[in-house]
Amino acid sequence: MADTIQNTHVSSSSSSKKRMTPDDFNRDDDIITKKLPAATFEDPVSALANARHEFGEHGGVNMSIEASATFTVMEPETLSRMFTGELGPDRDFFIYSRHFNPTVLTLGRQMAALEGTEAAYCTSSGMSAISSVLLQLVSSGEHIVASPTLYGGTHAFLTHFLPRSSNIKTTFVDIRDLKKVKEAIVEGYTKVLFFESMSNPTLTVANIPELSRIAHEKGVTVVVDNTFAPMVVSPARLGADVVVHSISKYISGGGDIIAGAVCGAASLVNSMMDLHQGTLMLLGPTMNAKVAFELSQRIPHLGLRMKEHSHRTLIYAQRMKKIGLKVIYPGLEDHPDHHLATSIFNKEYGYGGMLCLDMETEVRANNLMNGLQNNTQFGLMAVSLGYHETLMSCSGTSTSSELDEKEQALAGISPGLVRMSIGYTGTLEQRWGQFQKASLNLI
């Protein structure tokens with residue numbers, strides 16, 4: 001299909017959402033394609049506040065939920081013009097909700113504003129966002145360079161699924177070693193450099209500006225998973241081409257929704273929605289409109305939540321270190337990437353809500369988590385992150401279990417590494433008291 005999405009950084013709309021006819025799409029005052037000054041998007045919260053506001057069908061302050069699977073047209077010839085791409089969602093023409101849905105498109109505008117990209121498309125899960133964008137950008141016989149320290153599902157997708165299903169190979173390289181990254185990228189063969197802005201679970205901070213520069217010099221697309229650090233870091237503003245998210249985590253915040261997003265150029269989103277070649281269109285990881293509505297109501301307070309997650313995590317990390325625990329957190333001055341994080345992170349949002357405790361052995365890790373959940377109620381033993389309660393898991397036997405022993409060692413994941421997503425319920429001192437009580441016998 002021809003381009004169907006225009007720039008998504010747009011001003012607030014007070015116009016009615018009445019069904020348009022083809023004659024409307026040349027109007028001069030169209031608010032969909034207007035750009036705001038670039039300076040508006042330096043801060044994610046400012047960008048969200050300046051994004052187009054979608055009102056409800058009857059003037060409600062909240063948008064309406066468009067629950068339709070298919071959409072009508074007012075004139076018979078309009079349908080064929082939509083299928084050729086002449087008319088699309090940028091002008092309020094919709095075909096089918098697996099393609100574009102108005103409610104999901106509005107959430108996409110919010111995600112694009114959040115990440116400072118031209119467009120975004122929201123999917124049914126984070127893994128569907130990752131797999132779809134990589135399959136769109138990399139063809140059979142081509143190559144990916146990636147960090148060895150990734151979410152276990154992503155690592156398995158790159159290591160096992162892509163070689164078997166698509167003849168796509170991946171070379172894993174320590175992204176802190178810029179020279180090795182450069183050497184691993186083969187111009188004309190390597191198509192994507194993939195890494196996480198803050199690695200899962202070891203919290204390595206990626207030097208996004210330098211990695212992007214190296215990749216772009218060789219014509220390689222940079223894809224960054226920013227699930228661990230929404231608001232905290234803005235990869236696209238630092239040079240990345242594509243930003244992916246598991247919205248299930250911090251952006252949702254409620255531990256009740258599975259969702260993902262691909263944020264990037266409008267041309268990328270349009271190619272992924274092409275009727276003949278688009279991975280999102282043809283693989284069909286469609287987000288439900290009701291889910292999109294739920295998420296759109298949570299994004300406006302994401303900034304406030306991230307500030308509190310980061311605030312508490314920094315204080316706990318400092319205190320945990322003081323009582324003798326081995327703490328990994330970018331906000332600590334002894335973290336190897338502390339100065340890098342300070343230089344590239346968005347100043348208002350801290351260093352993120354994730355920390356790790358290296359308890360050295362799985363037994364000690366399990367004893368700590370058992371005490372924290374079952375004796376003092378500090379947190380919950382569960383995977384995922386970004387919930388209002390603290391979540392904790394031993395990464396090697398849970399979210400990184402797809403990596404074998406050798407791969408875990410290469411990724412820097414010790415057997416006793418406890419990953420914690422610090423919540424914000426209860427008072428800070430109350431929760432700290434619970435942690436101290438449970439950890440007394442392990443220090």
Side-chain angles (χ1 to χ4, degrees), residues 115 117-121 123 126-200 204 206-227 233 235-236 238-246 260-274 277-280 282-283 285 411:
E115 286 298 350
T117 59
E118 193 177 28
Y121 191 91
T123 65
M127 277 307 304
S128 69
I130 291 169
S131 58
S132 294
V133 78
L134 291 179
L135 285 168
Q136 189 69 35
L137 293 172
V138 189
S139 298
S140 176
E142 294 179 337
H143 180 238
I144 297 170
V145 172
S147 167
T149 312
L150 299 168
Y151 164 59
T154 306
H155 196 282
F157 180 72
L158 294 171
T159 305
H160 305 294
F161 184 88
L162 284 182
R164 174 181 61 80
S165 69
S166 307
N167 189 30
I168 295 171
K169 296 181 180 179
T170 299
T171 299
F172 293 99
V173 182
D174 181 357
I175 59 168
R176 283 176 171 158
D177 191 331
L178 299 179
K179 183 180 178 181
K180 285 188 177 179
V181 172
K182 188 172 184 177
E183 291 172 348
I185 296 173
V186 180
E187 194 166 355
Y189 174 51
T190 306
K191 297 300 177 181
V192 165
L193 174 61
F194 183 92
F195 53 88
E196 296 168 345
S197 58
M198 194 184 299
S199 68
N200 181 1
T204 298
N207 190 336
I208 300 171
E210 281 301 298
L211 289 166
S212 299
R213 181 188 61 78
I214 290 169
H216 293 157
E217 284 178 353
K218 296 193 176 185
V220 170
T221 300
V222 178
V223 180
V224 179
D225 184 340
N226 200 30
T227 297
V233 63
L238 298 170
D241 301 295
V242 185
V243 183
V244 292
H245 274 279
S246 172
V262 177
C263 308
S267 59
L268 171 67
V269 174
N270 291 328
S271 71
M272 296 179 76
M273 295 311 300
D274 184 84
Q277 298 286 342
T279 51
L280 288 172
L282 298 176
L283 298 178

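The shortest heavy-atom contact between Ala119 and Val269 is CB-CG2, 3.9 Å. The two residues Cys263 and Glu115 make their nearest non-hydrogen contact at SG-CG, 4.0 Å. In plain terms, the two heavy atoms of Ser132 and Thr279 that are nearest each other are O-OG1, 2.9 Å. Closest of all the heavy-atom pairs between Val181 and Ile175 is CG2-CA, 3.8 Å. Minimum heavy-atom separation, Met272 to Val262: SD-CG1, 4.1 Å. The shortest non-hydrogen separation linking Ala215 to Ile185 is CA-CD1, 4.1 Å.
In terms of modelled atom types and a separation under 3.5 Å, the side chain of Thr227 and the main chain of Ser246 share a donor-acceptor contact. With His216 contributing its side chain and Ser212 its backbone, the two residues share a donor-acceptor pair below 3.5 Å.
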Full working for side chain to side chain contact (heavy atoms under 4.5 Å, CB included) between Val233 and Asn226: CA-CA 8 Å; Val233 63; Asn226 200 30; 3.1 Å; yes
Val220 and Ile214: CA distance, side-chain angles, deciding distance, side chain to side chain contact (heavy atoms under 4.5 Å, CB included) verdict: CA-CA 9 Å; Val220 170; Ile214 290 169; over 6 Å; no
Full working for side chain to side chain contact (heavy atoms under 4.5 Å, CB included) between Val223 and Val244: CA-CA 7 Å; Val223 180; Val244 292; 4.3 Å; yes
Derivation of the side chain to side chain contact (heavy atoms under 4.5 Å, CB included) call for Val192 and Val242: CA-CA 10 Å; Val192 165; Val242 185; over 6 Å; no
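The side-chain contact (heavy atoms from CB on, under 4.5 Å) test with Leu268 singles out one residue from Asp241, Thr221, Leu137, and that residue is Leu137.
With sequence neighbours left out, His155 forms a ring-ring contact (aromatic ring centres under 6.0 Å, His included) with Phe172.
Inter-residue side-chain proximity for Asn207 and Pro209 is flagged as met; some heavy-atom pair is nearer than 4.5 Å. Taking 4.5 Å as the limit, some side-chain heavy atom of Val224 sits within range of a side-chain heavy atom of Phe195. You'll find the side chain of Asp225 reaches within 4.5 Å of the side chain of Ile130, heavy atoms only.
Residue Phe194 holds its CZ atom at 6.0 Å from CG of Leu134, rounded to the nearest 0.5 Å. To the nearest 0.5 angstrom, Leu238 atom CG is 10.0 Å from Ser197 atom OG. Remark: Leu193 CG to Lys182 NZ distance equals 13.5 Å, nearest 0.5 Å. The distance from the CG atom of Leu280 to the OG atom of Ser128 is 7.5 Å, given to the nearest 0.5 Å. The line from CD of Glu210 to CD1 of Ile208 is 12.0 Å long, rounded to the nearest 0.5 Å.
With a 6.0 Å radius and a threshold of 12 heavy atoms from other residues, nucleotides or ligands, Lys218 has its NZ atom above the threshold. At most 12 non-hydrogen atoms from other residues, nucleotides or ligands lie less than 6.0 angstrom from CD of Gln277.
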Give the table of side-chain donor-acceptor pairs shorter than 3.5 Å for residues 139-154, with sequence neighbours excluded, one pair per line with atom names and distance.
{"residue": "Ser140", "atom": "OG", "partner": "Ser166", "partner atom": "O", "Å": "3.3"}
{"residue": "Glu142", "atom": "OE1", "partner": "Ser139", "partner atom": "N", "Å": "2.8"}
{"residue": "His143", "atom": "ND1", "partner": "Thr190", "partner atom": "OG1", "Å": "2.7"}
{"residue": "His143", "atom": "NE2", "partner": "Thr171", "partner atom": "OG1", "Å": "2.7"}
{"residue": "Ser147", "atom": "OG", "partner": "Thr149", "partner atom": "N", "Å": "3.1"}
{"residue": "Ser147", "atom": "OG", "partner": "Thr149", "partner atom": "O", "Å": "3.4"}
{"residue": "Thr149", "atom": "OG1", "partner": "Ala411", "partner atom": "O", "Å": "3.1"}

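For Glu183 and Lys180, the salt-bridge test fails: no basic side-chain N is under 4.0 Å from an acidic carboxylate O.
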